[in-house]
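Structure first, then comments.
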Amino acid sequence: MQPKITGFDYDHVTVADGVRLNVAVGGSGSPIVLLHGFPQTHLMWRHVAADLATGHTVICPDLRGYGDSGKPADPDGRAYAKRTMAADVVALARALGHDRFALAGHDRGALVAFRAGLDHPAAITHLACLDVLPTLDMWDVLRGRAAAVGFHLYLMAQPPGLAEDLIAAAPDRFFGHFLDIWAKDPGAVPAEIRAAYLKASREAVPSIVADYRASAFADVEDDERDRAAGTRLRMPVTVLQQDWGAVLPYDPVARWSAWAPDLQHQTVDRGHFMAEEAPGEVARALRDLLTRSST
């Protein structure tokens, strides 16, 4: 039996033709949607969600292509564009009765949240992004030997077939590699949760690769148009990031400020899986974000 977030109700909600999202909902009060990263599911928010549910309605879906959510085919390279996945999130919130909501994402989920903030500013009251850079900035800072830290980005950007076959040949070793090297506190992802992540990932290789491939093509195109048009995030934004300076020398505040005028940026002394390694710290940051005035 798959683990669940204690005290949350589960459902599958249709958000697009042929696509239903698995979602856990708990608490009451103003809504906040939490989007997971790679190679995870909604379970990465289990501690933060329980904390926030004491004062908010907390909505934790599996993104399309992940976990127990729908995994549509990707014939045109747009099924897993962050624009498409962001539309899923807005449709999900509306189906649950929320036209406006706060949104937080980690890793891949943060890229979906970023796109939702650009595309749906009337719906997103507050935005938080954990340990990621916007797509254009991410590709720009990956240079030289330092780019090896993102080898998986280049692998999954290849034309359909190669990456899927290579990963499917040893999925637990591939996905487990990231669970191992990205955590400062390995105990933050206990065996039961790790097993759930690995099972979900090995059952979703084509859609996970399609998600990453979109970030090399469709997402770049969408972000380039917005950068050229001067589109920026209108809502209060909080960014929590590791200190990547020793590996990828760049100015994260400058990168994020170009997209988010109302920005609070915090460097967190944790591993990549900060919502599991330091859930109290992450929950406090999200609560602080929600106190800031929104348009």
Side-chain angles (χ1 to χ4, degrees), residues 11 13-17 19-21 23 25 27-36 42 45 49 52 55-64 69 78-106 108-130 132-137 214-215 218-240 256-265 285-295:
D11 199 359
V13 177
T14 299
V15 295
D17 289 344
V19 179
R20 302 173 74 210
L21 298 188
V23 60
V25 182
S28 61
S30 62
I32 181 168
V33 178
L34 306 178
L35 305 179
H36 66 86
H42 74 283
W45 291 108
L52 294 178
H56 300 276
T57 298
V58 183
I59 301 166
C60 301
D62 288 333
L63 296 167
R64 75 158 58 194
S69 288
R78 300 291 311 187
Y80 294 92
K82 301 309 154 294
R83 171 158 284 158
T84 305
M85 297 170 81
D88 286 349
V89 173
V90 174
L92 171 65
R94 286 178 178 159
L96 295 175
H98 308 292
D99 290 329
R100 285 171 56 79
F101 56 94
L103 180 60
H106 172 259
R108 309 305 294 170
L111 298 180
V112 176
F114 172 79
R115 174 47 57 187
L118 292 175
D119 284 1
H120 305 278
I124 312 302
T125 62
H126 301 80
L127 180 66
C129 293
L130 277 59
V132 79
L133 278 176
T135 300
L136 287 183
D137 299 276
S215 284
D219 298 343
V220 168
E221 295 168 1
D222 292 339
D223 287 2
E224 284 178 337
R225 291 190 190 99
D226 276 323
R227 177 171 283 177
T231 308
R232 304 175 84 188
L233 296 166
R234 302 180 192 173
M235 65 291 298
V237 176
T238 288
V239 172
L240 304 179
W256 271 104
S257 294
W259 292 101
D262 186 358
L263 172 71
Q264 287 191 4
H265 186 283
L286 295 181
R287 289 183 189 279
D288 289 345
L289 167 66
L290 295 176
T291 66
R292 289 157 59 191
S293 298
S294 65
T295 55

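We number each residue from 1, following the sequence as shown. Computed from a predicted model, the values in this text were never measured in an experiment.
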Please lay out, stage by stage, how Leu63 and Leu35 fare under the test side-chain contact (heavy atoms from CB on, under 4.5 Å).
-> CA-CA 7 Å; Leu63 296 167; Leu35 305 179; 4.1 Å; yes

Go through the steps to decide whether Ile59 and His98 satisfy the test side-chain contact (heavy atoms from CB on, under 4.5 Å), and finish with yes or no.
-> CA-CA 11 Å; Ile59 301 166; His98 308 292; 3.7 Å; yes

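Scanning for salt bridge (charged side-chain N to carboxylate O under 4.0 Å, His left out) contacts around Arg64 gives Asp88, with sequence neighbours left out. Residues satisfying the side chain to side chain donor-acceptor pair (under 3.5 Å) criterion with Ser69, sequence neighbours excluded, are absent altogether. Looking at residues two or more places apart in sequence or on another chain, you find no salt bridge (charged side-chain N to carboxylate O under 4.0 Å, His left out) involving Arg94. With sequence neighbours left out, the side chain to side chain donor-acceptor pair (under 3.5 Å) criterion links His56 to Ser30. Applying the salt bridge (charged side-chain N to carboxylate O under 4.0 Å, His left out) criterion to Asp137, with sequence neighbours excluded, gives Arg227, Arg255. Take Arg78 and apply the side chain to side chain donor-acceptor pair (under 3.5 Å) test, not counting sequence neighbours, and it matches Asp222. Taking Asp288 as the reference, nothing meets the side-chain contact (heavy atoms from CB on, under 4.5 Å) condition, with sequence neighbours excluded. Residues passing the side chain to side chain donor-acceptor pair (under 3.5 Å) test with Ser215, sequence neighbours excluded: Arg108, Asp219. Taking Ala260 as the reference, Leu233, Val237, Leu263 meet the side-chain contact (heavy atoms from CB on, under 4.5 Å) condition, with sequence neighbours excluded. By the ring pair (Phe, Tyr, Trp, His ring centres under 6.0 Å) test, His36 is found to be paired with Tyr66, residues two or more places apart in sequence or in another chain being considered.
Remark: Leu21 CG to Met85 CE distance equals 9.0 Å, nearest 0.5 Å. Note that CG of Leu240 is 10.0 Å distant from CD of Gln264, once rounded to the nearest 0.5 Å. Here the straight-line distance linking atom OG of Ser293 with atom CE of Met235 works out to 14.5 Å at 0.5 Å rounding. To the nearest 0.5 Å, atom CD1 of residue Ile124 and atom CZ of residue Phe101 are 3.5 Å apart. Arg225 CZ to Thr231 OG1: the interatomic distance, rounded to the nearest 0.5 Å, is 11.5 Å. Here the CG atom belonging to Leu286 is positioned 7.0 Å from the CG atom belonging to Leu130, to the nearest 0.5 angstrom.
The shortest non-hydrogen separation linking Trp45 to Ala104 is CZ2-O, 4.2 Å. Residues Ala122 and Arg100 come closest through the heavy atom pair O-NH1, 2.8 Å. Minimum interatomic distance between Pro236 and Thr125 (heavy atoms only, all atoms of both residues): CD-O, 3.4 Å. Closest non-hydrogen pair, Ala214 versus Tyr80, comes out as CB-O, 3.4 Å. Closest of all the heavy-atom pairs between Leu290 and Ala102 is CD2-CB, 3.4 Å. The minimum heavy-atom distance linking Ala110 with Gly105 is given by the pair CB-O, 3.3 Å.
Using a 4.5 Å heavy-atom cutoff, the side chains of Val132 and Leu111 are in contact. Two residues are said to be in side-chain contact when any heavy atoms from C-beta on lie closer than 4.5 Å; Leu118 and Trp259 meet this criterion. In this structure the side chain of Arg292 reaches within 4.5 angstrom of the side chain of Thr238, judged on heavy atoms. Under the 4.5 Å side-chain criterion, counting only non-hydrogen atoms from C-beta, Val220 is in contact with Leu136.
Residue pairs that meet the salt bridge (charged side-chain N to carboxylate O under 4.0 Å, His left out) test with at least one member in residues 115-130, sequence neighbours left out, are Arg83-Asp119, Arg115-Asp119, Arg115-Asp223, Arg115-Asp226.
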